[in-house]
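So the structure is just underneath, and the comments pick up after that.
The chain is numbered in sequence order, starting from 1.
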Amino acid sequence: LCTDGVNWSEEWTQAVGGDASTRRFDIAYETASGDAMVLYSQGVGTTNELGYRTKPGAAECGSGNWSAPNDLDATGTSGVVQWVKMASDRRASSDTIVAIWADANSDLTARIWSGSAWENEPAAALETSLEVVSAAQDVEDFDVDFESLSGNAMVVWANSGGNNGTNGMRYARWIETTRAWSAATNPTTSGDDATNLDLAANPNSNEMVFASIGNAGGAESADMRGGYWSGSAWTLSALDTACRMPAARTKLVAAGWVTSGTNTRSVLVYDDAAGANAISWYVGNGATFTQQTVDANPPPAFAIPQTIYNIQQDPLNKDRILFTASDSNNYLYAKRAVMSSTAGFAWHDGNGETILESALSTGTVGGFSFAYWPAPPVTTFIQSAYRLFDNANGVDVGAPLAAQDTIGALSSGGAAFRLRTTVHIGQVDLPLNGQGFKLQYAGRGDGTCEAPNGTPLDYADVNAATLVAY
């Protein structure tokens, strides 16, 4: 689907196999060009497990503006791809995208999109034994993002060896200057498993935060961990030890960043067994995470249990995040947190204290998605029709000189006429007298309206002294 800011249109379809228990596709944009990349599973193993299509950033919606389907053969995985995730390099001059995917064999690997081709897949899979709840690929336990200043990519995931008291978090980096992957690394020998996890990059630095909940601790005793990446090393901390236990196809933790004035903080939201139907959360200042003693509870309240958590930072108003969540009733909620210049927080419901959706097709995995416009939407103007009329001495037009969108002939040189045009206003409403317009003309000659070669040769403003005058 594609939107022009007002309407959605279906552009193309692609069979990816499977069902709603995994998400076999993702979309990302090149930052510099605005080109769109859709990467998807083709529902087959061994060769050409993935496919992709692109659309130029300057192209409008329309099926003809997309590339033909392209095959992508993964070398580090051979099973049917079950999960796909991508992230874009935020630097204004970059068109780099990183993609990671996991297959039915619990293998995880990655590749880099340079702006023109997929490259830099690790020599061997990043992981060959991802953690599961009870069956292969029944939980999304990996994430990827870019450091915002360096352009280095970070992948984090859960290794199956994680347990209660044994660290399961692993990470690897892609270094932009060498265009090579580091080895998979275990940052500590102590810790816990990481059945659910989330990674978030500070948009103003190379810092990142990581949050995870493992299921080895038991139903109401699952352990949460928080991690801080300084740009060179991870610092992991034990946090709440009484979280709700992750189940298959759930994600009960989310991370984000906010900046207000001179203060920057990270926010970790999670499903606390004691928090029931409210928002349980930590605030991070560097490597120090402080549990908030009062759970946020802007109505309406969640059902118990919740199923999927997600956080997105507002790219324009960086003092706020939007937290979206689904629950066991297949309801969808949106909650907004705003940080003041003194690092205080206020939570609000994002939909006027009303459930955003009360009938999700599924409350798990791919039942919803959210993204901000990356830049303020602007008013667009599209002329769709014109018609020429005889002049009339009044507020209305005279008789039509020709059919709509058809050139009309005047009865004599210098005769007065009326021109009406239809202009569609798109994306942002235009206030009364909010935009001035001018009428221009050119001599078409034996050229076209797009490339005239008459007199005048170039389009000129209509005024009282021009060949077409008012």
Side-chain angles (χ1 to χ4, degrees), residues 1-2 10-30 35-55 63-88 96-144 153 155 157-160 172 174 181 184 248-249 251 308 361-362 364-367 369:
L1 299 177
C2 181
E10 183 177 302
E11 307 285 89
W12 45 270
T13 60
Q14 172 67 44
V16 298
D19 53 31
S21 63
T22 60
R23 192 190 66 250
R24 298 186 175 201
F25 56 88
D26 202 3
I27 183 169
Y29 287 89
E30 297 176 0
D35 292 359
M37 165 65 69
V38 178
L39 181 66
Y40 50 85
S41 170
Q42 301 206 78
V44 297
T46 309
T47 58
N48 294 332
E49 302 96 318
L50 293 160
Y52 68 95
R53 298 181 72 162
T54 61
K55 184 181 78 68
S63 58
N65 292 327
W66 288 87
S67 73
N70 297 278
D71 294 332
L72 181 62
D73 187 32
T75 59
T77 58
S78 59
V80 174
V81 172
Q82 307 286 318
W83 298 91
V84 176
K85 297 193 80 169
M86 291 194 289
S88 303
T96 304
I97 295 171
V98 60
I100 59 175
W101 61 89
D103 72 1
N105 300 323
S106 293
D107 297 338
L108 175 73
T109 195
R111 198 170 281 193
I112 300 295
W113 173 257
S114 66
S116 59
W118 286 105
E119 57 189 32
N120 294 136
E121 186 171 348
L126 295 174
E127 178 60 69
T128 58
S129 185
L130 287 168
E131 183 178 345
V132 302
V133 174
S134 58
Q137 300 309 310
D138 62 1
V139 69
E140 178 187 5
D141 51 9
F142 45 84
D143 206 353
V144 62
V155 182
W157 67 90
N159 173 271
S160 63
W174 178 78
W181 287 92
R249 292 174 289 281
K251 179 173 174 284
I308 298 292
S361 60
T362 172
T364 60
V365 187
S369 184

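- Side-chain atoms of W174 and V144, non-hydrogen and from C-beta on, never get closer than 4.5 Å to each other.
- Atoms OG1 and CZ, on T75 and R111 in that order, are 5.5 Å from each other to the nearest 0.5 Å.
- Of all non-hydrogen atoms in A136 and A104, the two that sit nearest each other are CB-O, 3.6 Å.
- One finds a salt bridge joining E140 and K85 here, because a Lys/Arg side-chain nitrogen approaches an Asp/Glu carboxylate oxygen to under 4.0 Å.
- In this structure a side-chain-to-backbone donor-acceptor pair under 3.5 Å is missing from D143 to D141.
- Between the side chain of R53 and the main chain of S67, a donor-acceptor pair closer than 3.5 Å is present.
- Taking every heavy atom of both residues into account, N48 and V44 meet most closely at O-CG2, 3.6 Å.
- The closest donor-acceptor contact from the side chain of W83 to the backbone of T22 lies at 3.5 Å or more, if one exists at all.
- Side-chain atoms of D103 never come within 3.5 Å of backbone atoms of V81 as a donor-acceptor pair (strictly under, hydrogens ignored).
- Of the residues listed (V38, L50, V16), the one engaging V84 in a side-chain contact (heavy atoms from CB on, under 4.5 Å) is L50, and it is the only one.
- Atom OG of S114 is separated from atom CG of N120 by 8.5 Å, given to the nearest 0.5 angstrom.
- Across every non-hydrogen atom of T47 and D73, the tightest pair is CA-OD1, 3.1 Å.
- Of the inter-residue distances, the one linking Q14 atom CD with R24 atom CZ reads 12.0 Å to the nearest 0.5 angstrom.
- The closest side-chain heavy-atom distance from V155 to W181 is below 4.5 Å.
- With contacts defined as side-chain heavy-atom distances shorter than 4.5 Å, the pair E30/T54 does not qualify.
- Side chains of T109 and P122 form a contact here, defined as non-hydrogen atoms less than 4.5 Å apart.
- In this structure, S41 and V80 have side chains that are in contact, with non-hydrogen atoms separated by less than 4.5 Å.
- Summarising the geometry of A102 relative to Q137, their closest heavy-atom pair is CB-OE1, 3.4 Å, with the distance given to 0.1 Å.
- For the pair W118/L39, a side-chain contact is recorded, criterion being any heavy-atom separation below 4.5 Å from C-beta on.
- Interatomic distance, OH of Y29 versus NZ of K55, reported as 6.5 Å (0.5 Å rounding).
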Task: Test log, rule side-chain contact (heavy atoms from CB on, under 4.5 Å), inputs L126 and F142 - done: CA-CA 11 Å; L126 295 174; F142 45 84; over 6 Å; no

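- The aromatic rings of W12 and W66 sit perpendicular to each other, their planes meeting at more than 60°, with 30° as the lower class boundary.
- Residues that satisfy the side chain to side chain donor-acceptor pair (under 3.5 Å) test with E49, not counting sequence neighbours, are absent from this structure.
- Counting heavy atoms from C-beta outward, N105 and T77 have side chains that stay 4.5 Å or more apart.
- For the pair A99 and M86, the tightest heavy-atom approach, listed with the atom from each and the gap, is CB-CG, 3.6 Å.
- Looking at R249 and D138, their side chains come closer than 4.5 Å, going by heavy atoms from C-beta outward.
- For the atom pair OG1 of T128 and CG of N159, the computed distance is 8.0 Å after rounding to the nearest 0.5 Å.
- For the residue pair N65 / E11, no side-chain donor-acceptor distance below 3.5 Å is found, with atom types taken as modelled.
- For the atom pair OG of S369 and CD1 of I308, the computed distance is 11.5 Å after rounding to the nearest 0.5 Å.
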